[in-house]
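Notes to accompany the following structure.
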Amino acid sequence: MRLIVNGRERELDDGLDLVGLLRAHRLEPRVVVVEHNGRILRPPQMEGVDLSEGDRVEIVQLVGGG
Amino acid sequence: MRLIVNGRERELDDGLDLVGLLRAHRLEPRVVVVEHNGRILRPPQMEGVDLSEGDRVEIVQLVGGG
Amino acid sequence: MRLIVNGRERELDDGLDLVGLLRAHRLEPRVVVVEHNGRILRPPQMEGVDLSEGDRVEIVQLVGGG
Amino acid sequence: MRLIVNGRERELDDGLDLVGLLRAHRLEPRVVVVEHNGRILRPPQMEGVDLSEGDRVEIVQLVGGG
Amino acid sequence: MSIVAHGGNGTPASPGGGLELAGRTFRSRLILGTGKYPSNQVMAEALEASGTEIVTVAVRRVDLSRSTEDALLNWIDPERYLLLPNTAGATTAAEAVRIARLGRAAGLSDFVKLEVIGDERTLYPDTAALVEATRELVRDGFHVLPYTNDDPVAARRLEDAGAVCVMPLGSPIGSGQGVLNPQNLLFILESVSVPVIVDAGVGTASDAAITMELGVDGILMNTAVAQARDPVRMARAMRLAVEAGRLAWEAGRIPRRPRAEPSSPREGVLV
Amino acid sequence: MSIVAHGGNGTPASPGGGLELAGRTFRSRLILGTGKYPSNQVMAEALEASGTEIVTVAVRRVDLSRSTEDALLNWIDPERYLLLPNTAGATTAAEAVRIARLGRAAGLSDFVKLEVIGDERTLYPDTAALVEATRELVRDGFHVLPYTNDDPVAARRLEDAGAVCVMPLGSPIGSGQGVLNPQNLLFILESVSVPVIVDAGVGTASDAAITMELGVDGILMNTAVAQARDPVRMARAMRLAVEAGRLAWEAGRIPRRPRAEPSSPREGVLV
Amino acid sequence: MSIVAHGGNGTPASPGGGLELAGRTFRSRLILGTGKYPSNQVMAEALEASGTEIVTVAVRRVDLSRSTEDALLNWIDPERYLLLPNTAGATTAAEAVRIARLGRAAGLSDFVKLEVIGDERTLYPDTAALVEATRELVRDGFHVLPYTNDDPVAARRLEDAGAVCVMPLGSPIGSGQGVLNPQNLLFILESVSVPVIVDAGVGTASDAAITMELGVDGILMNTAVAQARDPVRMARAMRLAVEAGRLAWEAGRIPRRPRAEPSSPREGVLV
Amino acid sequence: MSIVAHGGNGTPASPGGGLELAGRTFRSRLILGTGKYPSNQVMAEALEASGTEIVTVAVRRVDLSRSTEDALLNWIDPERYLLLPNTAGATTAAEAVRIARLGRAAGLSDFVKLEVIGDERTLYPDTAALVEATRELVRDGFHVLPYTNDDPVAARRLEDAGAVCVMPLGSPIGSGQGVLNPQNLLFILESVSVPVIVDAGVGTASDAAITMELGVDGILMNTAVAQARDPVRMARAMRLAVEAGRLAWEAGRIPRRPRAEPSSPREGVLV
C-alpha cells in the first residue's frame, strides 16, 4: 500500500500497522508523537492503529530548539 | 428644528438651508468641506441643500498638522 | 603661644605638648596621624613632642572616600 | 666629496654647489626648501651656497597630507 | 552596521534623482508638516526655507463657537506645494477612511497620509488597521502614504495592500530622538520596492543626515522645525542636512576602522 | 546630554559669523587635508566642491631617486587657500619644531598644524610634548593649531601655552568612527576660550553635522573625503553637513522627550 | 531614558520574588533554548550551570533515513525542567496551531512558545497571525508564550487574546546585538500587565543585565550560550548577569549626571 | 568593536584567576570606595555584600570644632580589607605626595590611590602631574595606583614611571554614565602590561559587566553603590555583575551579526 509518511510517499507491506511501522524504524513510541490522518496519537493510543492506502502519517519528536 | 452640527445638538430656525447655516457662521464655502448625513459636499454641491430635523452635519476644514 | 593647627591660628597655653593637645580634643592617638612642622608622627612618636610658638600642626584621620 | 643628502650618504663632485645639486635632480628651487647644516634656505638664499665634505643637506617639499 | 542601499545594492538607482510618488517626481526629499508653528507667517517662511514641495495638513471640525480665524490655506499656495491631508485622530480603519475622504474633498488631491493610532502614549500605529484601511482607500482611488512602525513585515503587508510608499517612524512623533533602530529601517529597505520615507522622530539636522545615509528616499518632519527656537533657520538646516545625507550615501562613505590610518605619507619623514 | 554652546551659553556669539583664527576670518568652517586622493585632479575638484579656505599639507623629503613628480603646489592656488603645513611624522617636541620651521619656509605662512604622535597604533598625541612644542613655536612667531586628544585639561594647557585654537580628535585619524565621546568635546568648549576645531574621526556627512551641533567652531578632515568612493560628491556633502550642523546649533533644537507629542491638534477630531 | 518599572512604578511588586507564569512560580528568570550546542553533554551541563527551570524545544519530523540518534529527552529531566515546545518553522497561524498540538502531545504540558515567522531574513514575527493563533490556542487550553516584536500595540493585542506573557525580541534571533530599542521594551512594560520576557538578541552577559535593568520579568536565550566558545562558563555568566540586573533594578540605580561628583569629602582638605 | 583581551590575545592569562597587585593576589576584582553612604552601618554591610577585599579611604583634617564622631576605622577590619588611602583633594604633584605620606602613616600600608585633579568641573586628572608624582612616590617605596583618564599614551607613561596598575576613568567621577569610550580602554589594554582597573563612571550593574567584558582586570566604584536607593542590594548586584562580565569575557561571546540565525533546526519542519 502507498502512504505519505513524514511528507514522502512510501510503499509499505499491506497489513503493517502503526506500531509495526515504528518498530521497523527502531523508534520507541515513548520518544515520538504520531499524527495519523490529522489525529494526534500518544504512545497508549498507537496500539492497534491500522494503516491503509493513502494514509498520511507524521512521526515527530522533540529536538533541540530555541 | 434640532440637528447635530459638528457633534453637538443645535436648535435652528426651520427653513434654514446649508448655505444659510455656513453664512450664519461667516464661513466661506471655499475653505470648508461639509458632510451632510454622511454625504460629502464640496462648495458647488452645497447650493440648495435643505436641512431638516435630525440631520447630521459636519463642517470641517484643513488646519496645520503633521 | 600661637600655633597653626589644621590651618587655623590657635592660642594655646605655654607648655602644652602634642599629646596634651590631642587629649584636649578627646582624640585617641590611635585614630589620627599628626604632621608637626612637616614631620609625620605616628602614635608612638607623638609621646614627649613639645609644641612651641609658630609650630605648624596638622591632625588628620582617614575618612570615607572613593 | 661625501655629504649626507636627505639622510643618505652621497659622493658628489668637488666644487658642486647647492644650486648645482638641485639642478642635477631637475628640482626647481621654487618648489623645494633646503636645510643646509641646520640652516633653512629659501630659493633666494640658495644662490652661491657652496657644499663641502661632511655637509648635511635636507631637500624637502610640501606634499599631500592631513 | 553596513549601509544597505535601497533595493539592496550599494548605489542609488539615480544619483541626484528625485523622489517619485505615484508617478510624480519631487526634487526635494523633505516633506514638512504644518502644525505647531509660532505663527502662520513663520510657517510660510519655514516652508520656503526648507525647499519642500509636499506639506501635510490635518482635517478638523470648524470651531463654530469662535469667530473664523485666519485659514491655513491663505498661507499655502496649492500651486507650489502638494497638500497632503493626514488622518490624524483616527483610531480605527473606518475613522481613517472617513477622514481621508473629507481631506480629499478639501485638499483636492488623491494623496493621503494614512494614520491609525493604536496607542495614545506612544502614538504608534495599529498596523493591522493600517493594512485594512490602505486596501479600502486604494480601491477608492487614493494614493496612500501610511505612517507605520519600523516592522519590515508590516511594511511589506502595506506594499502588498497598494501603498505608494511606506513611512516608518524613527522614534515617537515629536520626541526628537532621531532613529532609535536604524537596522530595522535597513530591513524595510530590503523588504519593499516602494519608496521608504521616515516619518517622525527627527530632532535636529544630524538626525536627518543619519536617516538619509541609510538610503531611505525621504523624510517627513514637523515638530523639529516648528518648535525649534528659530524655525526658519532650522528649516534651512534640514534642507541642507537632507541633501548632505543623500549625497554622502551616493558618494559612498569610508569604512569604520578600529585603528588609525595616517593621512600624511609615511615615506620621506625627516629624522 | 545637553548641548552646551561655546562659552557655555546656549547661543552663538555671532549667528552666521565665520571662523576666526589669529585675527583672520574664514567663511568656511571646514578645513580639508590634501592626502590620499586618487589624483591631484580629483583633489583639486574636491577642494573646490567643499568650499574650504584652509588646506593642510605635509613636509617631506624629496625622493631624489625618482624623477620629480607633479608638485602639489601646481594644483593648489595659495591666493585662494591658506596653506597649513603639518608636523606629521614628529614624535618629539624637537622634531615637530624643526618640521614646522621647514614648513613655514615652504608654505610662506606662520600657521602650523602641530602634531606630536605619542603612539603609532592610535596616532594619539603626546600632550606633554604638544604643550612644550607650542610654547617654543609661539615664541618663534608661529600661529599654532595643535592636534590634541579630547582631554579638557590638556586643551586648557595648550591654550595657556598660546595656541590659537585647539583641535581635539573625535576618534582615531582615518578611522571614520565620528565622535566617540561628545561629552569631552563639550567639556573642552567650556574649558577654553579659543576656537575648538575637531580634527580626525569624521567618517561621513552626519558625523560632521553631529560635531557642529555640539557648538564647535570648525572641523578638519581628510580621509573621509579623499577615500570616499566619489570624493568630489562627498566634499559637497561635507560642505552642506557642516553648514547644516552649524545652522541647527544656532537655530536651537527641540528637546528629546521619551514620549510622543502629536503634531496635529487634539481639538476638533471627528468621532 | 528613565527606567520605568513594570506596572509603571519605580519598584518591583516583590523584591526577590520569582517569575510567575500561568499560576506557576519559577525562581530563575532565565529561560534557555536547547539548540545548537556542541553536544548534548555540554547542553546538559550548561542548563545545570544556568540555574534555569524552563527549557524550550522544537518539534521536528523524525529522520527515518538515519538510524535513530540519541534522543534529546534522554538528556533533560522533565521533573526538573519545564519543557516548553516552540512552533518554530510555522509561517501561518494554522501551521503554528498544528505544531503546538503535536508539541503538547510530546511535551506533556500545556505551555507553548508561539512563533509565527513573517520574514525569513529577520525571523521577525507576523503579529497579526500571532494574535489569531493565540486566540485559537487559548480556546484549546494552552498557556501561550508568544515570541513577538517590540511593538507595544501588538503586545497589548496579544495580552487581550489571552497570552500568559509577551516575549518581545531585543534584536534578531541569534544576532547577539542585545536590545536595539530599550525604549520600546519600556513602552511594552507600561502597556501590558502580564509578564514581559525578552526573547532573542542577547549576545553576552552585559546584554542580559541591561535587559533586566529595564524591569522586564525574564529573558529567553539560546545562541548566546550554545555558541559561546565555552557554553558552560557562559551559562554561569548569564545566570549571574540576570540576577545582577534584577538586583540592580530592585536596588534603584543612581541618576546619570553630565558632571562629576566627588566621592571624597570636600571639607578638611589639606592645603 | 572587537573585544580585545588584555595582552592582545583573545583569552585570559588565567581563567578564574584573581587580581594581582604588587605581588598580592585578590580573589575579588571589585574595589569599593567608602564615601557617601547613608551610614557607617550600611557601608559595612555593603562592603560585606560586595565581596570586595580592597577599600579606598580619604585623608582629611580632623574637625577640631566638632566632638569627635564615630571613626571610620571602627567599621572596617584592616585584617579583612586592604585600606587604600587616596590623595583626593590634591591639585599638584607635591600636594599628592604629601597626602600620600600622611595616608601611609594612617593606613599602615604602602598602597596609595594617586589622584591629582586638573579640572574641578570634570574632576579629570592632570596626567603630567600624575607621572611626576608617581615617579616620586615609587622612589619613596609606594605601590602607586593612579586614577587617570582614558588616554593610552598617558597610561604607558604611568607604567614607565612605575605604577603597579593604571586606573582609567570610564566617565566622570560620580556621573554614573558607564564607559563613554570603550575603544580607548581597549587601546590601554594593548598599551600597558600592568593591570588595568576602571575607576569612576560605573552607574549600575550592567556598566560593570560591560566594563569587565572589555577584558580589564578590575573595577573601582563608590557612588554607584553608596548612593543607590538600596546600597546593600546594589553591592550584591555589583559583585555578581563583575563576576558575570569576567566569566563572559573568559567564555568568549558570540559575534554580533546584522541578520538572524534560527535557534531551531531548519530540517524536518512540518509543512
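All chains are named by letter (A, B, ...) in the order of the sequence lines, taking the proteins before the strands, and each is independently numbered beginning at 1.
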### Summary
chain H shares the most heavy-atom pairs under 4.5 Å, among G:Gly174, G:Ala235, G:Gly178, G:Ala226, with G:Gly174
### Query
Considering only heavy atoms from C-beta outward, does the side chain of G:Lys36 approach that of H:Glu261 to under 4.5 Å?
yes
### Summary
Separation between CD1 (H:Ile173) and OG (G:Ser264), nearest 0.5 Å, reads 8.0 Å
### Message
Taking the side chain as everything from C-beta on, heavy atoms only, tell me whether G:Ile210 gets closer than 4.5 Å to H:Ile210.
### Response
yes
### Query
Highest number of heavy-atom pairs under 4.5 Å with chain H: which of G:Pro255, G:Ala205, G:Gly89, G:Ala208?
G:Ala205
#### Entry: Between G:Ala58, G:Pro172, G:Ser171, G:Pro265, the one whose heavy-atom pairs under 4.5 Å with chain H are most numerous
G:Pro265
### Message
Looking only at heavy atoms and a cut-off of under 4.5 Å, which of H:Gly35, H:Ala260, H:Ala228 has the most pairs with chain G?
### Response
H:Ala260
### Task
Select, from H:Ala241, H:Ala237, H:Ala200, H:Ala209, the one with the greatest count of heavy-atom pairs under 4.5 Å involving chain G.
H:Ala237
### chain H interface, residue from G:Gly33, G:Gly245, G:Ala88, G:Ala224 that has the most non-hydrogen pairs under 4.5 Å
G:Ala224
### Summary
If one checks every heavy atom of G:Gln227 against chain H at 4.5 Å, the contacting part turns out to be both
### Query
What residue in H:Glu267, H:Arg60, H:Arg98 has the most heavy-atom pairs under 4.5 Å with chain G?
H:Arg60
## Note on the structure
Ranking G:Asn222, G:Val232, G:Asp207 by heavy-atom pairs under 4.5 Å to chain H gives rank one to G:Asn222
#### Entry: Test item: G:Arg256 and H:Ser175 side chains (from C-beta on) under 4.5 Å apart, heavy atoms
no
### Query
What's the spacing between H:Leu270 CG and G:Leu102 CG if we round to 0.5 Å?
6.0 Å
#### Entry: Segment of G:Thr223 engaging chain H (4.5 angstrom heavy-atom cut-off)
both
#### Entry: Lys/Arg N to Asp/Glu carboxylate O, H:Arg259 vs G:Glu120, below 4.0 Å
no
### Task
With sequence neighbours excluded, tell me which residues meet salt bridge (charged side-chain N to carboxylate O under 4.0 Å, His left out) with H:Arg239.
H:Glu243
#### Entry: Residues which pass side chain to side chain contact (heavy atoms under 4.5 Å, CB included) with H:Ala251, listed by chain and number, not counting sequence neighbours
G:Asp230, G:Arg233, G:Met234
#### Entry: Best-contacting candidate, H:Arg121, H:Met212, H:Arg266, H:Met238, against chain G by heavy atom pairs under 4.5 angstrom
H:Arg121
### Query
Looking at CZ of H:Arg236 and CD of G:Glu250, how far apart are the two atoms once the value is rounded to the nearest 0.5 Å?
8.5 Å
### Message
So which atom in H:Gly176 and which in G:Ile254 form the shortest heavy-atom distance, rounded to 0.1 Å?
### Response
CA-CD1, 3.8 Å
### Message
I'd like to know if the side chain of G:Glu213 reaches the main chain of H:Thr204, judged simply by a donor and an acceptor atom lying under 3.5 Å from each other, with no hydrogens or angles considered.
### Response
no
### Task
Sort H:Pro231 into side chain, backbone, both or neither according to what part of it lies under 4.5 angstrom from a heavy atom of chain G.
neither
